[in-house]
Number of protein chains: 2
Amino acid sequence: MHFKSLKSEKLSEKVIKEFEEMIEKGALKPGDKLPSERDLSQQMGISRGILREALRTLESKGYINRKPGGGTYIRELTYSQNTGQKLINALKHATYLDLLEIREILEQKIVELAVERATDEDILEMEKILEHCQNANEYDPKMDHAFHLSIASATKNALMANFMAANLELIKDITTRTHNNPNRLKEMINEHKKIMDAIKARNAEKAQKALLEHLHNVRKAIEKSFEETEEKEDAKN
Amino acid sequence: MHFKSLKSEKLSEKVIKEFEEMIEKGALKPGDKLPSERDLSQQMGISRGILREALRTLESKGYINRKPGGGTYIRELTYSQNTGQKLINALKHATYLDLLEIREILEQKIVELAVERATDEDILEMEKILEHCQNANEYDPKMDHAFHLSIASATKNALMANFMAANLELIKDITTRTHNNPNRLKEMINEHKKIMDAIKARNAEKAQKALLEHLHNVRKAIEKSFEETEEKEDAKN
DNA sequence: AATAAAAAATGGTTAAACCATTTAACAATA
DNA sequence: TATTGTTAAATGGTTTAACCATTTTTTATT
C-alpha cells in the first residue's frame, strides 16, 4: 500500500515554485523589475513576510537581485551560474545508456590512471572494500560504489571521483534490480576481483580488459532490464 | 580603477551561511533538533522573521525538516541529494589540470562518437560555428566553446555535452588569458579546422589526432601560464 | 496502567511599524 | 540651459506582537 503525502505545501514554497516556473517559462525575463514587496504581497494575497521568505530563497538560488531602495530584479544569469544548474539537470534527466556511456569512457581511463598513481595505501583500501563485498550475501549498491570509487580516488583527481559518484548514484536503482540474484552477484564479485588483482599487479592493460568485461555485463543487464520493462508495457496494451 | 563592493551582506544570508558551515563542519549532525524558532532567534540576537527567512532557504536546499508543532531537525541527506551538491562543489574547486585531464579523456572519445553519429545537419552546424571563429579577430571563449560543444552535441549524449560545457566554463578564464595573443589565436583556429575536416571526412583516427594536438597545446599554454604565475609569486617574496 | 482531556510548545502566517538606502521630483544656482 | 543641492517618496531590511493549526507534553480520570 502506498498513500501519497497529505502534508500541505507551505505557502512560501508555493510562491517559490510560482516564480521559478515563471522564470523558466520566460514570463519573467532577466532584467525585469518586480513590483514592490508591499504591492506584490497584496496582489498575491499573502503577507509580506511570506513573500520575503520566498524572495530570500530565490535570491539565494541566484534568480533575483534586491537592493534596498532600488527594487527587485530578475537576475541576468551568468553563463557559469547556468552551467552548474544545467549539469545537475542533465544528470537528473540523463538516460541510463547515456550515463553508462560516459562511465565506460571515464572508468576505462580511471583504471589506467589508478595503476599509475595508486599508492600502497590506496591498494590496501581497495582490497578492504573488496573483501567486504565478498562477505556480503546480497547486493548492496553502497559496497559496489565504494569499490569503484576507491579506484577513482586513486587517480588523485577529485572531480573524477565525484563525477563517478554522481554517475553511479543515478544508475543505482537499475543496478540494484539487475543484481538482485545470487548468480549475478557472484559474477560481479569475481569481476571486481579481477580488476583489483590487475591494478595490484600494476597491469593497466589487464585492468582495462577486466573492467571492460565488467561494464559489458552491466550494460547487458541494463539492456535486458529495458527489454523486460518494454514487454511489460506491451502486455499492458 | 576598481573598487570592491561595499554592499553589506544581508542578515539572513549570514545566518544561512552560519548554519551551512555548522552542518559542513559536523557541529550540526543529521537528526539533531534545533531549538525552537523563538528561542533560537533570541539566542542569535535576530528577529524571528529573519531566522525564518534563513530556515526557509535551508529547507529549500534540503538541509532541514520542519513540522508545525514538531520542531526543526537537521535532515538526513540522502546519498543522491548529497552527490549533486558534492559534484557542484567538486567542479567549483577542481584544479585546471583535473578539469583538463577529464576533458582530454572525454573529448577524445567525443570526436570518435561524433564521427560515427553526426548527421549532415550536425556537420553543417559545426562548419557554421567554425566559420564564425575564423572571422573573429580576437579570442571569444563563447565561440571556442560553441565549436567544442557542437561536436559534443553530435554524440547525441546530452549529458556529455552538458558536462563538457561545465568543464569548459571553468577553464574559461585561463584559456581566455592564454589565447590573448594573435599567434595562439591563429593556431587555435587552424587546430579547430583540422578537427573539423577530419570529422567531416568521417575519419575518427585523424580527428582524434587533431584533437589531441589541440588539447596538447591547450595544456602547454595552461602549464606555462602557471609557471608565469609562480614566477610572479616568487617575485613578490 | 491505560485512556482521555487539557495545556504548553512549535512551526505557519499575518499585520504594523521603523530604519537605511535609493530614487525621483523639484528648487537653487551658475 | 545645465548642473548641483535639497527634499520627499518609495523600497528593501528588520523588528515586534499577535493569532492559528498541529503536535507534544502534562495532567486528570478511570
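Because the structure is a prediction, the values reported are computed rather than measured. Order of the sequence lines sets the chain letters (A, B, ...), proteins ahead of strands, with each chain counted from 1.
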Listing, residues 155-165 of chain A side-chain donor-acceptor contacts under 3.5 Å, not counting sequence neighbours, or none:
| from | atom 1 | to | atom 2 | distance (Å) |
| --- | --- | --- | --- | --- |
| A:Thr155 | OG1 | A:Ala152 | O | 2.6 |
| A:Thr155 | OG1 | A:Asn157 | N | 3.2 |
| A:Lys156 | NZ | A:Asp122 | OD1 | 3.4 |
| A:Lys156 | NZ | A:Asp122 | OD2 | 2.5 |
| A:Asn157 | OD1 | A:Leu159 | N | 3.1 |
| A:Asn157 | OD1 | A:Met160 | N | 3.2 |
| A:Asn157 | ND2 | B:Asp98 | O | 3.1 |
| A:Asn157 | ND2 | B:Glu101 | OE1 | 3.1 |
| A:Asn162 | ND2 | A:Ala158 | O | 3.0 |

Item checked: Between D:dG13 (P) and A:Leu51 (CG): distance, integer Å -> 11 Å

Notebook entry, point to check: Rounding to a whole Å, what distance do you find between B:Gln42:CD and D:dT15:P?
Noted result: 13 Å

Item checked: All pairs passing side-chain hydrogen bond (donor to acceptor under 3.5 Å, both in side chains) where residues 25-37 of chain A contributes a residue, at least two apart -> A:Glu37-A:Arg48, A:Glu37-A:Arg52, A:Glu37-A:Arg66

Check: Reading nucleotides 9-16 of chain C 5' to 3', which nucleotides get B (base under 4.0 Å from a protein heavy atom), which S (sugar-phosphate only), which -?
Finding: -BBBBB--

Checklist line | Under 3.5 Å donor-acceptor, B:Thr175 side chain and B:Ile171 backbone | finding: yes

Check: Does the B:Asn167 side chain pair with the main chain of B:Leu99, one donor and one acceptor, at a distance under 3.5 Å?
Finding: yes

Check: Hey, mind stepping through B:Glu53 and B:Arg56 against salt bridge (Lys or Arg N to Asp or Glu O under 4.0 Å) and telling me if it holds?
Finding: CA-CA 5 Å; B:Glu53 283 186 18; B:Arg56 164 74 55 236; over 6 Å; no

Notebook entry, point to check: Among all residues two or more places apart in sequence or in another chain, which pass the ring pair (Phe, Tyr, Trp, His ring centres under 6.0 Å) test with A:Tyr139?
Noted result: A:His179

Item checked: Sorted by number, the residues of residues 14-23 of chain B with heavy-atom contact under 4.0 Å to DNA chain D -> none

Notebook entry, point to check: Under a 4.5 Å cut-off applied to non-hydrogen side-chain atoms, are B:Glu59 and A:Thr57 in contact?
Noted result: no

Item checked: With sequence neighbours excluded, residues passing side chain to side chain donor-acceptor pair (under 3.5 Å) with A:Glu20 -> A:Lys61

